[in-house]
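Notes for the one structure printed next.
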Amino acid sequence: MKKQTYNVAVVGIGAVGSEMIRVLKQRNFPCESLQIFARSARPEVVDGVTYHVQQISEEALDNVDIALFAGGEKAEDHFGLKALERRKQVKGLSELVIIDNGNAFRMYPNVPLCVPEVNAETLRTHQGIVANPNCSTTQMVVAMKPLHDYARIKRVVVSTYQAVSGKSAQAREELMKQTIDVANGKPATIDPAIFPYQIYGNCLPHIDVFLPDGYTKEELKMIQETRKIMGDDTIQVTATTVRVPVDNGHAESVNIEFYEPISAEKARELLANAPGIVLVDDPANSKYPMQTECSGTDPVFVGRVRQDKSVAFGINLWVVSDNLRKGAALNTVQIAEKMMEMNLI
């Protein structure tokens with residue numbers, strides 16, 4: 001019999017973990033219990049509520065049904081994986097599903113990499129772990145999905161404009177401090193442990209580490225994850241990821257080439273009727289998606305839909321979403337909701 005309520009754990013209590021707690025509450029997720037874990041035990045306050053954070057261990061998830069990991073763990077050290085292994089050794093423990101927001105398992109062939117609006121059916125293949133994609137990938141594939149189903153995508157060229165919240169809480173503080181410094185006529189103080197250059201008034205084409213071929217790890221994530229989520233290794237993807245002086249919300253310029261004809265009008269119609277998308281596309285009246293308006297909301301916003309006249313079948317999009325919500329916490333919770341709907345947990 002399907003469970004009515006679940007013992008839920010959130011592992012990690014930084015920006016994403018805190019947002020997971022908010023999303024669970026806002027969506028009235030059927031929690032029998034909610035436990036919070038981190039590397040060390042301590043009290044943490046989220047929206048005025050004090051939570052007792054417990055220290056994570058191999059035994060900590062023994063009585064948990066669904067564990068939402070905020071990310072940052074390596075596969076070999078992942079307590080979710082250890083908890084699943086423990087269930088093979090200890091009789092009587094309940095089934096456990098790990099939904100991981102980090103990069104540890106995303107490209108494992110036996111781990112679904114899921115965006116529910118795009119590839120929910122892959123959840124049926126899970127073996128205890130489901131991976132949540134990179135935030136910049138998530139919003140892009142939500143916008144790609146209805147167009148790919150109509151005309152099949154050949155190639156994607158994406159440039160991202162990613163908020164500092166996508167890096168860390170310290171990065172948000174760095175932008176705020178530099179903004180205050182400059183406003184007071186002082187030189188911006190730079191912490192090289194956060195950004196190698198000033199972020200205020202600047203765009204840094206540098207997210208994650210650089211690889212030998214000149215791409216960054218963030219760009220490689222977008223390339224590899226897009227193909228896996230879309231279930232099509234023939235899609236050609238190239239990305240340039242940029243950190244911009246915006247507090248929260250990622251924006252992307254997405255150029256898509258198709259195998260078959262698709263008009264801008266048809267693209268707008270498909271996007272307007274697709275799940276998880278809000279079409280904001282009235283440039284004559286200065287209506288288009290903006291980071292300030294998407295922050296704190298759930299949808300993927302799409303606008304500036306227009307024909308790419310340089311290729312036979314091409315469309316340009318402007319895609320904006322809250323990277324802490326749909327790009328991380330919300331999508332993780334939606335995966336759990338979809339698994340409940342599909343009777344997988």
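Keep in mind that what you see is a predicted model, and the values were worked out from it rather than measured.
- Salt-bridge check for Asp47 with Arg22: passed, with a basic side-chain N closer than 4.0 Å to an acidic carboxylate O.
- A donor-acceptor distance shorter than 3.5 angstrom exists from the side chain of Gln139 to the backbone of His250, with no hydrogens or angles considered.
- The residues Asp181 and Lys177 are annotated as not salt-bridged, no charged nitrogen and carboxylate oxygen being separated by less than 4.0 angstrom.
- Side-chain atoms of Ser33 and Asn7 include a donor-acceptor pair closer than 3.5 Å.
- Using modelled atom types, one side-chain atom of Thr125 and one backbone atom of Thr122 make a donor-acceptor pair closer than 3.5 Å.
- With respect to the salt-bridge test (charged N to carboxylate O, under 4.0 angstrom), the residues Arg86 and Asp62 qualify.
- Side-chain polar atoms of Gln54 and Arg42 form no donor-acceptor pair below 3.5 angstrom.
- Salt bridge absent: Asp281 and Lys287 never bring a charged side-chain N and a carboxylate O closer than 4.0 Å.
- Judged by distance alone, the side chain of Gln198 and the main-chain N or O of Tyr200 form a donor-acceptor pair under 3.5 Å.
- The residues Asp247 and Arg172 are annotated as salt-bridged, a charged nitrogen and a carboxylate oxygen being separated by less than 4.0 angstrom.
- Using a 4.0 Å cut-off between charged nitrogen and carboxylate oxygen, Lys3 and Asp65 count as a salt-bridge pair.
- Of the inter-residue distances, the one linking Ile99 atom CD1 with Ile66 atom CD1 reads 6.0 Å to the nearest 0.5 angstrom.
- Between Arg27 and Glu337 a salt bridge is recorded (basic side-chain N to carboxylate O distance below 4.0 Å).
- Between the side chains of Thr5 and Glu32, a donor-acceptor pair is found at a separation under 3.5 Å.
- With salt bridges taken as basic N to acidic carboxylate O contacts below 4.0 Å, none links Glu225 and Lys228.
- Enclosure of atom CE in Met107 by more than 12 non-hydrogen atoms of other residues, nucleotides or ligands within 6.0 angstrom is indicated.
- Take Tyr197 and apply the ring-ring contact (aromatic ring centres under 6.0 Å, His included) test, not counting sequence neighbours, and it matches no residue.
- Rounded to the nearest 0.5 Å, atoms CG (Asn316) and OG (Ser310) are 7.5 Å apart.
- By the ring-ring contact (aromatic ring centres under 6.0 Å, His included) test, Phe313 pairs with no residue at all, sequence neighbours left out.
- The number of heavy-atom neighbours closer than 6.0 Å to OH of Tyr288, taken from other residues, nucleotides and ligands shown, is 12 or below.
- A donor-acceptor contact closer than 3.5 angstrom links the side chains of Ser165 and Asn323.
- Going from atom OH of Tyr161 over to atom OG1 of Thr240 covers 9.0 Å, rounded to the nearest 0.5 Å.
- Side-chain contact of Arg152 with Thr234: a donor-acceptor pair under 3.5 Å is present, judged by distance alone.
- With sequence neighbours excluded, no residue forms a ring-ring contact (aromatic ring centres under 6.0 Å, His included) with His126.
- For the side-chain contact (heavy atoms from CB on, under 4.5 Å) criterion with Met230, the lone passing option out of Val115, Asn119, Ile235, Val156 is Ile235.
- Rounding to the nearest 0.5 angstrom, the gap separating the CD atom in Glu19 from the CG atom in Leu330 is 9.0 Å.
- Salt-bridge check for Asp77 with Lys82: failed, with every basic side-chain N at 4.0 Å or more from each acidic carboxylate O.
- Distance check: Leu113 CG to Ile229 CD1 gives 4.0 Å after rounding to the nearest 0.5 Å.
- Between His78 and Phe105, the distance separating the two ring centers is shorter than 6.0 angstrom.
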Trace of the side-chain hydrogen bond (donor to acceptor under 3.5 Å, both in side chains) decision for Asn134 with Lys221:
CA-CA 7 Å; Asn134 186 45; Lys221 289 176 190 175; 4.5 Å; no
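- At most 12 heavy atoms of other shown residues, nucleotides or ligands fall within 6.0 angstrom of atom NZ in Lys154.
- A donor-acceptor contact closer than 3.5 angstrom links the side chains of Gln334 and Lys326.
- In this structure, Glu59 places its CD atom where more than 12 heavy-atom neighbours from other residues, nucleotides or ligands lie under 6.0 Å away.
- By the neighbour-count criterion of 12 heavy atoms within 6.0 Å, atom CG of Asn63 is sparsely surrounded, having that number or fewer from other residues, nucleotides or ligands.
- Under a 3.5 Å cut-off, the side chain of Gln307 and the backbone N or O of Ile262 do form a donor-acceptor pair.
- Glu341 has a carboxylate O that lies under 4.0 Å from a charged side-chain N of Lys338, or vice versa, which qualifies the two as a salt bridge.
- Side-chain polar atoms of Glu174 and Gln170 form no donor-acceptor pair below 3.5 angstrom.
- Interatomic distance, Asn132 CG to Thr332 OG1, rounded to the nearest 0.5 Å: 3.5 Å.
- With Glu117 as the partner, the side-chain contact (heavy atoms from CB on, under 4.5 Å) test is satisfied by one option alone out of Ile277, Val300, Val142: Val142.
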Criterion side-chain hydrogen bond (donor to acceptor under 3.5 Å, both in side chains) on Ser136 and Glu218, from CA distance to verdict
CA-CA 9 Å; Ser136 51; Glu218 180 83 357; 3.3 Å; yes
